[in-house]
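To find a chain, count down the sequence lines: A is the first, B the second, and so on, and within it residues start at 1. The structure presented is a predicted model; accordingly, all values stated were derived computationally and were not measured.
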Number of protein chains: 2
Amino acid sequence: MTAHDLTKNQEMVLGALSAADGPLSAYTILDRLRDRGFRAPLQVYRALDKLLDYGLVHRLESINSFVACAHPHCHAHGSLAFAICEKCGQVEEFSDATVQSRLADWSREHGFKPSKTAIEIRGTCAACLAV
Amino acid sequence: MTAHDLTKNQEMVLGALSAADGPLSAYTILDRLRDRGFRAPLQVYRALDKLLDYGLVHRLESINSFVACAHPHCHAHGSLAFAICEKCGQVEEFSDATVQSRLADWSREHGFKPSKTAIEIRGTCAACLAV
DNA sequence: TCTCCTGTGTAATGATATTACATTCATTGC
DNA sequence: GCAATGAATGTAATATCATTACACAGGAGA
């Protein structure tokens with residue numbers, strides 16, 4: 001797997017996501033990059049599109065936000081799962097081979113050709129439950 | 001399980017979703033109900049909130065749309081999964097006990113208390129692949 | 001009756017995402 | 001060198017999705 005050659009905007013967007021301690025919306029990214037020259041949503045969305053392609057960033061469908069991949073070096077792709085804490089906003093990224101194979105089974109049995117799978121558990125994380 | 005006593009607006013929104021042959025966005029529902037007196041998005045969103053509570057309607061997070069539950073009589077809840085065709089828009093609703101238990105396992109092991117789980121496979125359905 | 005709760009009507013606004021069009025810049029082939 | 005090409009970028013406008021705020025109507029129960 002060769003490293004991708006990121007453009008300036010892609011670097012900045014990925015940097016903003018990596019520096020954050022949780023998922024960010026596109027408009028939040030935009031705000032954080034305004035003093036670095038960003039002016040319009042499209043600059044963010046275009047960079048995100050590429051970063052999503054490269055697998056360096058994930059989109060959290062259920063909260064319209066984006067996170068840097070937790071394992072940017074091992075591109076062990078397939079369908080990832082996310083646990084999203086509704087209290088603190090923290091996200092845990094994980095994958096489960098059994099879940100993946102069960103969903104793949106269903107798809108095969110039903111002649112469905114999957115392109116992108118979202119598995120998102122919203123709830124309360126251990127840290128927030130402890131409070 | 002007692003049948004829910006739906007209000008007029010809830011009936012109309014559920015009716016619109018049941019009559020549709022695929023998921024609808026809130027604004028599409030609004031448009032379809034304009035000649036029945038609907039005027040504002042909130043009328044739709046409020047009805048949807050209740051219908052979601054009752055389990056009569058599901059929200060497809062990845063496409064910001066809503067569908068009538070495919071099994072409104074057997075409220076076999078838990079985390080449902082959806083296969084969404086990006087060509088024709090048709091949605092298949094299904095559930096898989098193994099997937100559910102694996103995700104429940106992960107949650108227990110990590111002290112995460114789930115409230116709502118979304119499992120959505122986007123891709124191409126058998127019918128569209130056959131074309 | 002009074003209060004409380006739920007549902008409703010309406011306007012305004014906020015939040016997320018895309019379309020359209022012009023420009024810049026590096027690369028390639030002549 | 002220099003046109004041709006394609007990717008990335010800049011900007012404005014607009015489309016799409018969702019919520020806040022406030023007012024009113026009607027039923028259930030003290």
Exercise. Let me know, please, whether A/Q43 or B/D49 comes out on the 5' side of the other along DNA chain D by nearest nucleotide.
Key: A/Q43
Exercise. Between A/R39 and A/Y27, just flag the one whose closest nucleotide in DNA chain D comes earlier from the 5' side.
Key: A/R39
In whole Å, what is the span from the [atom1] atom of [X] to the [atom2] atom of [N]?
X     : N      : atom1 : atom2 : value
A/D5  : D/dA8  : CG    : C1'   : 13 Å
A/I63 : D/dA18 : CD1   : P     : 14 Å
B/R59 : D/dC17 : CZ    : P     : 10 Å
A/L30 : D/dT11 : CG    : C1'   : 13 Å
A/L42 : D/dA15 : CG    : C1'   : 14 Å
B/L24 : D/dT16 : CG    : P     : 15 Å

Quiz prompt | Crowding at NZ, A/K113 (>12 non-hydrogen neighbours, <6.0 Å) | solution = no
Practice problem: Using a cut-off of 6.0 Å, state whether more than 12 heavy atoms not belonging to B/E93 lie near its atom CD. | Solution: yes
Under 4.0 Å: is that the gap between some side-chain N or O of [X] and OP1 or OP2 of [N]?
X     : N      : value
B/N64 : D/dA18 : yes
A/R46 : D/dT11 : no
B/S25 : D/dT16 : no
A/K8  : D/dT9  : no

Practice problem: Name the residue closer to the 5' end of DNA chain C, choosing between B/Q10 and B/P41 according to the nucleotide with the nearest heavy atom. | Solution: B/Q10
Self-check item: chain A footprint on DNA chain C, 5' to 3' - any atom under 4.0 Å from a heavy atom
Solution: C/dT16 to C/dA20
Exercise. Go through the steps to decide whether A/S115 and B/E86 satisfy the test side-chain hydrogen bond (donor to acceptor under 3.5 Å, both in side chains), and finish with yes or no.
Key: CA-CA 9 Å; A/S115 62; B/E86 292 175 315; 3.2 Å; yes
Quiz prompt | Full working for side-chain hydrogen bond (donor to acceptor under 3.5 Å, both in side chains) between B/S25 and B/T28 | solution = CA-CA 5 Å; B/S25 76; B/T28 302; 2.8 Å; yes
Quiz item: Among A/F82, A/F66, A/F94, whose ring-ring contact (aromatic ring centres under 6.0 Å, His included) with A/H58 holds?
Solution: A/F82
Quiz prompt | Ionic contact status for A/R34 with A/D31, cut-off 4.0 Å | solution = yes
Quiz item: So B/D49 and B/R46, salt bridge (Lys or Arg N to Asp or Glu O under 4.0 Å) or not? Walk me through it.
Solution: CA-CA 5 Å; B/D49 279 348; B/R46 284 200 279 227; over 6 Å; no
